[in-house]
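Here the structure is laid out as structure tokens; the discussion comes afterwards.
The analysis underlying the following values was restricted to heavy atoms, covering all of them including side chains, and did not include hydrogens, waters or symmetry mates.
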Amino acid sequence: MIPSHVLAALALAAAFAAPCHAFEAGVREINIAAPESGRNLQVTVWYPARPGGEPVLVGENRVFDGAPALSNAPLLEGRYPLVVMSHGSGGRIQGMSWLAAELAKAGFVVAGPNHPGTTSGN
């Protein structure tokens with residue numbers, strides 16, 4: 001669970017640092033090679049996108065509706081601040097899609113890894 005002061009800081013940063021119009025939220029799954037551990041690091045990346053890609057609900061399950069995004073949509077050209085997001089022990093980054101997609105719509109790139117050994121389902 002994210003502490004309320006962290007959420008408040010993210011909301012304040014988004015309000016002052018982001019463009020004032022909404023973008024589409026693009027999303028991609030990438031794997032980053034980690035040869036020293038013998039396994040790849042799975043990272044979900046949300047980003048400001050142009051229309052296109054496949055509409056998906058990221059993080060949808062029996063409990064949560066999921067957040068709409070465009071899978072593999074074209075990146076909207078420009079420079080955007082990066083937010084690195086951690087889901088915490090026992091979670092999955094897809095469960096944070098409600099926040100990550102909104103940050104992407106506000107003009108941020110969000111990268112969230114699933115932590116080997118502490119991600120639900122591992």
Scanning both residues in full, the closest heavy-atom pair of A25 with K105 reads CB-CG, 3.9 Å

Partner of T44 under side chain to side chain donor-acceptor pair (under 3.5 Å), picked from R28, E29, H87, is E29

Of all heavy-atom pairs linking N40 and A34, the shortest is OD1-N, 4.1 Å

Should V110 and M96 count as side-chain neighbours, where that means a heavy-atom distance under 4.5 Å?
no

Distance col, row N114:CG vs S86:OG, nearest 0.5 angstrom, shows 9.5 Å

Across all chains, not counting sequence neighbours, the side-chain hydrogen bond (donor to acceptor under 3.5 Å, both in side chains) partners of Q42 are none

Taking every heavy atom of P48 against every heavy atom of L75, the minimum-distance pair comes out as O-CD1, 3.4 Å

Note: Y80 and V109 closest approach over all heavy atoms is CB-CG2, 3.9 Å

Could you pull out all donor-acceptor pairs under 3.5 Å where a side-chain atom in residues 53-73 meets a protein atom, sequence neighbours excluded?
{"residue": "N61", "atom": "OD1", "partner": "V63", "partner atom": "N", "Å": "2.8"}
{"residue": "N61", "atom": "OD1", "partner": "F64", "partner atom": "N", "Å": "2.8"}

Under 4.5 Å between any side-chain heavy atoms of W46 and I93, yes or no? yes

Value for CZ (R92) from OG (S97), rounded to nearest 0.5 Å, stands at 12.0 Å

